[in-house]
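Remember, it's 1-based here, ligands and their atoms both numbered in the order they're listed. In this chain, residues are counted from 1 in sequence order.
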Amino acid sequence: MRKIIIDCDPGIDDALALMLALSSPELDVLGITTVSGNVPAQMGADNALKVLRHMNRLDVPVYCGAEVPLKRDYVDAKDTHGEDGLGETNYPKVDGVSWSNGAVDFIIETLQKETGVSIIAIGPMTNIALALQKCPEAFQRLEEFVSMGGNFKSYGNCSPVAEYNYWCDPDAANYVYQNLGTMIHMVGLDVTRKIVFTPTIADFCQRIHPSNGTFAKQITHFYNEFHWKYERIIGCVINDPLAIAYFMDRELCSGIYAYTMVVTDGVCIGQTVVDSMNFWKKEKNSYVLTKVNQIDFMKLFLKRVFQAKESDLDIIFNAG
Ligand code: RIB
Ligand code: CA
């Protein structure tokens, strides 16, 4: 099993990513840390507990982290994820189990006491940057780092040129890219835009796994409305689960090694600048994903979270 910390801002697609991680026997989720992004960190922590309750995994600890970005004013994404961050499903709060504060210290202490820990960051990188600033030596023990965020040749999703996680806290994102010291696997919009959870797939999931399928349908309904209204997409782009799937199966995606930085001010704030032609002759700090096998991703997602059988998958992927 590979030990991971998931840093997230649940968030609808974060919730689906947590479901995938918790359904994958090769992953040992040591803890979930939340950061202000789609919703404030505390609401994110409440939502992480709701997902853990649904998955019957309240044994996984949740730590609440940074409430505001390093420098910028905080801008949430409730317009996309709903006032409650889970598509306005308004599931009841989890009682009997609560989250703790101290996400940054949890990240540092876990890296210090465990070996082989990887971090999968699927929200703004404020917690990661604060932990790296506070204890850089702990990150020398980091196994791997996967970040859902950024965009190379794809247009932005919260400005013409910026992707939300890096736009929400560009100072944190750039600090991590410049100081982490471990290759950053950037799972950006170039690949995640190809991952669309369509109503047909959602219906299929509900039929083959009524519990997880109904949960996924309920939390994505609001997201579907947003995607139709603003991107004329039927269904919704589920960015975060691809970061989890890619961590488990590198064959799903391919990309380029390059030096990457994140713009921290001006009209292009949050833009990911990928020096693919090596103009600046700087050390390559990132592996930027450019291609994805979206069918293979969806098959993995459906098998793991909804226990789809191969015969079931033929219904969806080999239909006439
Ligand atoms: O831009 C998409 C990313 O921003 C996803 O992680 C989504 O959950 C939001 O955090
Ligand atoms: Ca997220």
- Query: Below 4.0 angstrom, N of the basic side chain to O of the carboxylate: do D203 and K217 qualify?
  - Reply: yes
- Message: Has S159 got a side-chain atom pairing as donor or acceptor with A162's backbone, closer than 3.5 angstrom?
- Response: yes
- Message: Show me which atoms of ligand 1 lie under 4.0 Å from any heavy atom of N239.
- Response: 2 (C)
- Message: What is the name of the N/O/S atom of D240 that is nearest to the Ca ion (ligand 2)?
- Response: OD2
- Between N157 and ligand 1, find which residue part has any heavy-atom pair under 4.0 Å and reply side chain, backbone, both or neither. side chain
- Query: Do ligand 1 and D13 have nitrogen or oxygen atoms that lie under 3.5 Å from each other?
  - Reply: yes
- Query: Counting N and O atoms only, with roles assigned by atom type, does the side chain of H227 sit under 3.5 Å from a partner on the main chain of V237, one being a donor and the other an acceptor?
  - Reply: yes
- Does any donor atom in the side chain of D169 or T126 lie under 3.5 Å from an acceptor atom in the other side chain? yes
- Atoms of ligand 1 less than 4.0 Å from D14 heavy atoms? 8 (O)
- Note on the structure: Looking only at protein heavy atoms, what sits closest to atom 6 (O) of ligand 1 is D240 OD1, 2.6 Å
- Message: Using a distance threshold of 3.0 Å, state whether an N, O or S atom of G123 lies below it from the Ca ion (ligand 2).
- Response: no
- Task: Start with the C-alpha gap between F204 and F306, add the side-chain angles, then the distance that decides, and say whether ring pair (Phe, Tyr, Trp, His ring centres under 6.0 Å) holds.
- Result: CA-CA 9 Å; F204 173 70; F306 307 96; 8.7 Å; no
- Contact atoms of ligand 1, heavy-atom distance to N165 under 4.0 Å: 3 (C), 4 (O), 5 (C), 6 (O), 9 (C), 10 (O)
- Are the side chain of T272 and the backbone N or O of N151 linked by a donor-acceptor pair below 3.5 Å? yes
- Can you tell me the protein heavy atom closest to atom 1 (O) of ligand 1 and the distance? E163 OE2, 2.5 Å
- Closest to the Ca ion (ligand 2), among the N/O/S atoms of D9, is atom OD1
- Task: For N38, take its heavy atoms, then give the atoms of ligand 1 lying under 4.0 Å from any of them.
- Result: 7 (C), 8 (O), 9 (C), 10 (O)
- Query: Quick one: does I122 get an N or O within less than 3.5 Å of an N or O on ligand 1?
  - Reply: yes
- Item | Centroid-centroid distance, Y259 to Y177, less than 6.0 Å | no
- Query: Can the ring centres of F222 and H81 be said to be less than 6.0 Å apart?
  - Reply: no
